[in-house]
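The structure appears below as structure tokens.
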Amino acid sequence: MHISLEPDKPGANMVHDFSSATKETLQFLHATFGFDLWMVTRTEGNNWIVLDVKNTHYGTRPGAVFNWTDSLCSRMVRGEGPRIAPRASDVQIYREAPIASQLKIGAYVGVPLKRADGSLFGTLCAIDPEPQSDDIYHAQKYIELLADLLSSLLHTELALADSIRRAERAEIDAARDSLTSLYNRRGWDQLLEREEDRSRRYGNPAGIVMIDLDDLKTVNDTQGHDAGDKLIKRAATTIQRVTRQNDVVARIGGDEFAILAIECSADDTEILVKRVRAGLQAAGVKASIGHASRHPENGLLATAREADMRMYAEKRQRHLERATHS
């Protein structure tokens, strides 16, 4: 196999960000080294998330999720296997990896992608169904350099993420609810869409919590709308107090609130829900709550629908319990 490290058209494509750099890198590596599948991935817990991909026959798509512990990359990162394996089956730890029984892997390349603090972000990796020439060993330093460049670009973008979010929220600041000063439905929809763009690009985790007040109609009917407004304000103040500064809190309906928990794992979302429940209970606000965590293959819109369904399921259960005891 002859390896040429010269791109077909030098300077033909401008790289502006991590996403475009990833696409250009995968395209170049695929064209240069001929492996069937090249990927940039993110690890999140035991999720191994495909952020971008260039392949011909494996059929892997961006957003696909595999088990990290099943992968060859997890073994490479732990130092149990080499970064270059022209004949993957010759490496026992790779041959015995669960993913090797699911996919035909004749050759493997893998390099870690690191965050600024040195922790693992994911990998730049490749597989081919057929064993490859030992010539691929000569490309290891070059592939590692490309991985380092991607990691550096990633560091810069992640460091700017909070500033970008603040700018987005300042831009959408007019989309606020007049009673609570929380974002309204329009602001919620816009910020959800922008965070989904980031989650797709970087594989960020996120959680959504939906909250519906149980007694607003009763309070309005028996005590008047001023009392109802006070209940809404008390709920809004409580919800905002128990969330983190970078989370999005919105009033999306008359008695409905929503929280977008930014870069929040499933476990951390569970903790947030417990804080919301405890805070509302202490404030004397009865509410039904549902939550869900983003799955890379579905996105935040599906997460919001799932959280909403769980919230209404809890509300129905509360009504049944009340009817049973009345």
Side-chain angles (χ1 to χ4, degrees), residues 1-13 15 18-43 48-62 64 66-114 120-154:
M1 178 176 67
H2 172 69
I3 294 176
S4 172
L5 299 183
E6 294 298 324
D8 294 335
K9 296 181 180 180
N13 296 304
V15 172
F18 178 73
S19 181
S20 60
T22 294
K23 291 182 185 301
E24 291 298 322
T25 298
L26 295 179
Q27 177 68 37
F28 173 73
L29 290 172
H30 182 76
T32 304
F33 303 120
F35 275 58
D36 190 87
L37 170 66
W38 285 90
M39 300 190 299
V40 167
T41 71
R42 160 90 183 250
T43 62
W48 189 35
I49 306 163
V50 179
L51 298 185
D52 213 333
V53 62
K54 178 65 180 177
N55 73 144
T56 53
H57 297 107
Y58 280 103
T60 304
R61 296 182 178 182
F66 302 97
N67 287 330
W68 170 244
T69 53
D70 290 349
S71 70
L72 272 60
C73 281
S74 67
R75 288 148 177 78
M76 176 274 296
V77 166
R78 293 195 300 266
E80 298 171 352
R83 294 183 174 185
I84 303 285
R87 292 166 297 281
S89 62
D90 288 351
V91 181
Q92 181 178 354
I93 195 72
Y94 291 162
R95 186 173 63 249
E96 295 174 351
I99 200 168
S101 65
Q102 303 167 23
L103 299 174
K104 184 179 180 183
I105 302 177
Y108 167 76
V109 172
V111 182
L113 296 176
K114 298 292 186 69
L120 182 69
F121 176 84
T123 60
L124 169 63
C125 60
I127 58 173
D128 194 273
E130 302 299 330
Q132 299 294 302
S133 164
D134 286 351
D135 287 350
I136 192 65
Y137 283 120
H138 302 309
Q140 180 168 339
K141 294 295 185 183
Y142 186 73
I143 295 170
E144 290 173 343
L145 174 61
L146 289 175
D148 288 343
L149 291 173
L150 285 177
S151 293
S152 296
L153 190 52
L154 178 69

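Using a 4.5 Å cut-off on side-chain heavy atoms (C-beta onward), F35 and I136 make contact. Using a 4.5 Å heavy-atom cutoff, the side chains of R75 and V91 are not in contact.
The side-chain contact (heavy atoms from CB on, under 4.5 Å) test applied to R61 returns no partner, not counting sequence neighbours. Take E130 and apply the side-chain contact (heavy atoms from CB on, under 4.5 Å) test, not counting sequence neighbours, and it matches K104, D128, Q132.
With rounding to the nearest 0.5 angstrom, the CG atom of L113 is 10.5 Å from the CG atom of L146. R42 CZ to D52 CG: the interatomic distance, rounded to the nearest 0.5 Å, is 15.0 Å. A distance of 4.5 Å separates CD1 of I127 from CD1 of I105, quoted to the nearest 0.5 Å. The CE atom of M76 sits 6.5 Å away from atom CZ of R83, with the distance rounded to the nearest 0.5 Å. D148 CG to K141 NZ: the interatomic distance, rounded to the nearest 0.5 Å, is 10.0 Å. Going from atom CD1 of I49 over to atom CE of M39 covers 12.0 Å, rounded to the nearest 0.5 Å.
Listed here is the closest heavy atom pair of I99 and S71: CG2-CA, 4.0 Å. Between P112 and A147, the shortest heavy-atom distance links the atoms O-CB, 4.0 Å. Here the closest non-hydrogen pair linking Q140 and I84 is OE1-CG1, 3.3 Å. Nearest heavy-atom pair, S133 versus P86, reported as atom, atom and distance to 0.1 Å: O-CB, 3.9 Å.
Ring-plane geometry between F18 and F121 is classed as perpendicular, the angle between the planes exceeding 60 degrees on a 0 to 90 degree scale with a lower cut at 30.
Using modelled atom types and a 3.5 Å distance limit, the side chains of T123 and T41 yield a donor-acceptor pair.
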Please assess D134 against R87 for the test salt bridge (Lys or Arg N to Asp or Glu O under 4.0 Å), listing each intermediate value before the final yes or no. CA-CA 9 Å; D134 286 351; R87 292 166 297 281; 3.1 Å; yes
Do L29 and L124 pass the side-chain contact (heavy atoms from CB on, under 4.5 Å) test, and can you show the C-alpha distance, the side-chain angles, and the key distance before you say yes or no? CA-CA 10 Å; L29 290 172; L124 169 63; 4.0 Å; yes
Could you go through the side-chain contact (heavy atoms from CB on, under 4.5 Å) check for Y58 and V53 one step at a time? CA-CA 10 Å; Y58 280 103; V53 62; over 6 Å; no
Run the side-chain contact (heavy atoms from CB on, under 4.5 Å) check on E96 and Q92 step by step: do they pass? CA-CA 6 Å; E96 295 174 351; Q92 181 178 354; 2.9 Å; yes
Where do C73 and F66 land on the side-chain contact (heavy atoms from CB on, under 4.5 Å) test, with the steps shown first? CA-CA 11 Å; C73 281; F66 302 97; over 6 Å; no
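The only option from N55, T60, T56 that meets the side chain to side chain donor-acceptor pair (under 3.5 Å) definition with D36 turns out to be T56.
Remark: the backbone N or O of L37 is not paired with any side-chain donor or acceptor of H30 at under 3.5 angstrom.
A ring-ring contact (aromatic ring centres under 6.0 Å, His included) check over residues 73-108, counting only residues at least two apart or in different chains, returns the pairs Y94-Y108.
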